[in-house]
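Just below is one structure, and these are the notes that go with it.
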Amino acid sequence: QVQLVESGGELVQAGGSLRLSCAASGRTFSSYAIGWFRQAPGKEREFVARISFNGGRTYYGNSAKGRFTIFRDNAKNTGYLQMNSLKPEDTAVYYCAAVRGGSGSYYASEYDYWGQGTQVTVSS
């Protein structure tokens with residue numbers, strides 16, 4: 001079993017940057033693909049990015065392409081989402097999720113473990 005804890009969300013001005021972290025418990029973090037999703041008030045949960053268990057493959061949602069970077073440090077049991085050029089429409093609760101093996105999925109339902117989320121607010 002994997003427990004995930006996100007951190008790094010805060011209030012930032014448009015154009016700024018944030019780095020979100022997803023700290024995982026357990027010794028098998030390197031066996032799990034990681035995904036980042038976000039959910040704004042009144043909207044459905046949206047895929048942001050995902051990374052394979054070994055970090056070799058990454059995929060991004062349209063809103064993240066060119067601005068966000070997903071990466072991981074398996075030695076530290078931590079995944080990251082570097083967000084640059086933030087926009088007010090990036091305001092949401094950001095969640096990390098894990099699923100064993102492979103490179104994850106675009107679909108939230110295919111992940112087995114979730115963190116509690118971290119709030120990102122981008123002011124205009």
Side-chain angles (χ1 to χ4, degrees):
Q1 194 167 5
V2 176
Q3 293 184 323
L4 305 172
V5 179
E6 302 96 332
S7 62
E10 62 181 71
L11 173 64
V12 63
Q13 288 189 334
S17 297
L18 283 177
R19 178 175 293 182
L20 306 184
S21 298
C22 174
S25 65
R27 295 175 290 179
T28 59
F29 175 72
S30 59
S31 299
Y32 288 81
I34 298 295
W36 284 94
F37 291 78
R38 67 186 186 186
Q39 189 165 19
K43 294 188 176 182
E44 293 187 353
R45 192 164 293 191
E46 176 190 11
F47 168 77
V48 177
R50 59 187 173 100
I51 186 168
S52 61
F53 68 99
N54 63 359
R57 288 169 288 173
T58 58
Y59 304 86
Y60 296 91
N62 288 334
S63 61
K65 288 178 182 176
R67 299 189 299 129
F68 296 1
T69 302
I70 187 172
F71 60 102
R72 65 191 296 160
D73 186 340
N74 284 345
K76 295 183 178 180
N77 279 10
T78 303
Y80 302 93
L81 183 68
Q82 176 68 41
M83 305 189 295
N84 299 329
S85 303
L86 283 163
K87 306 174 183 179
E89 50 264 44
D90 294 319
T91 295
V93 177
Y94 283 70
Y95 299 89
C96 69
V99 61
R100 191 170 183 86
S103 58
S105 171
Y106 294 106
Y107 303 103
S109 60
E110 297 191 12
Y111 290 81
D112 297 318
Y113 304 102
W114 290 82
Q116 83 291 346
T118 185
Q119 176 71 49
V120 172
T121 303
V122 184
S123 64
S124 57

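The first residue of the sequence shown is numbered 1, and numbering continues consecutively from there.
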- If every non-hydrogen atom of T91 is compared with every non-hydrogen atom of A40, which pair is closest and at what distance? O-CB, 3.7 Å
- Which residue pairs pass the side chain to side chain donor-acceptor pair (under 3.5 Å) test with at least one member in residues 106-115, sequence neighbours excluded? S105-E110
- Look only at the side chain of R57 and the backbone of S52, and say whether a donor-acceptor pair between them is shorter than 3.5 Å. no
- Test side-chain contact (heavy atoms from CB on, under 4.5 Å) on V120 and R38 and set out the steps. CA-CA 9 Å; V120 172; R38 67 186 186 186; over 6 Å; no
- So do Q119 and L11 actually touch side chain to side chain, heavy atoms under 4.5 Å? no
- Item | Co-membership, hydrophobic cluster, residues Y59 and I51, 4.5 Å side-chain | no
- Do S7 and T118 come within less than 4.5 Å of each other through their side chains, counting heavy atoms only? no
- Is it the case that one hydrophobic cluster holds both F71 and L18, taking links as side-chain heavy atoms less than 4.5 Å apart, direct or via other members? no
- Message: Could you check, using the six-membered ring where one of them is a Trp, whether Y32 and F53 have ring centers closer than 6.0 angstrom?
- Response: no
- Can E6 and Q116 be said to form a side-chain contact (heavy atoms from CB on, under 4.5 Å), step by step? CA-CA 7 Å; E6 302 96 332; Q116 83 291 346; 3.0 Å; yes
- Task: Kindly give the heavy-atom pair with the smallest separation between S124 and A14, and that separation in Å.
- Result: CA-CB, 4.4 Å
- With a 4.5 Å heavy-atom cut-off, do R72 and I34 have their side chains touching? yes
- Nearest-0.5 Å distance that lies between atom CG in L20 and atom CH2 in W36: 4.5 Å
- Task: Look at the side-chain heavy atoms of Ile, Leu, Val, Met, Phe, Trp and Tyr, link any pair under 4.5 Å apart, and say whether M83 and L4 land in one connected group.
- Result: no
- Task: Measure from the ring center of Y95 to the ring center of F37 and say whether it is less than 6.0 Å.
- Result: no
- Note on the structure: Rounded to the nearest 0.5 angstrom, the OG-CG distance for S30 and D73 is 11.0 Å
- Task: Treat each ILVMFWY residue as a node, draw an edge where side-chain heavy atoms are under 4.5 Å apart, and state whether Y94 and Y60 are in one component.
- Result: yes
- Task: Look at the side chain of R19 and the backbone N and O of G8, then say whether any donor-acceptor pair between them is shorter than 3.5 Å.
- Result: no
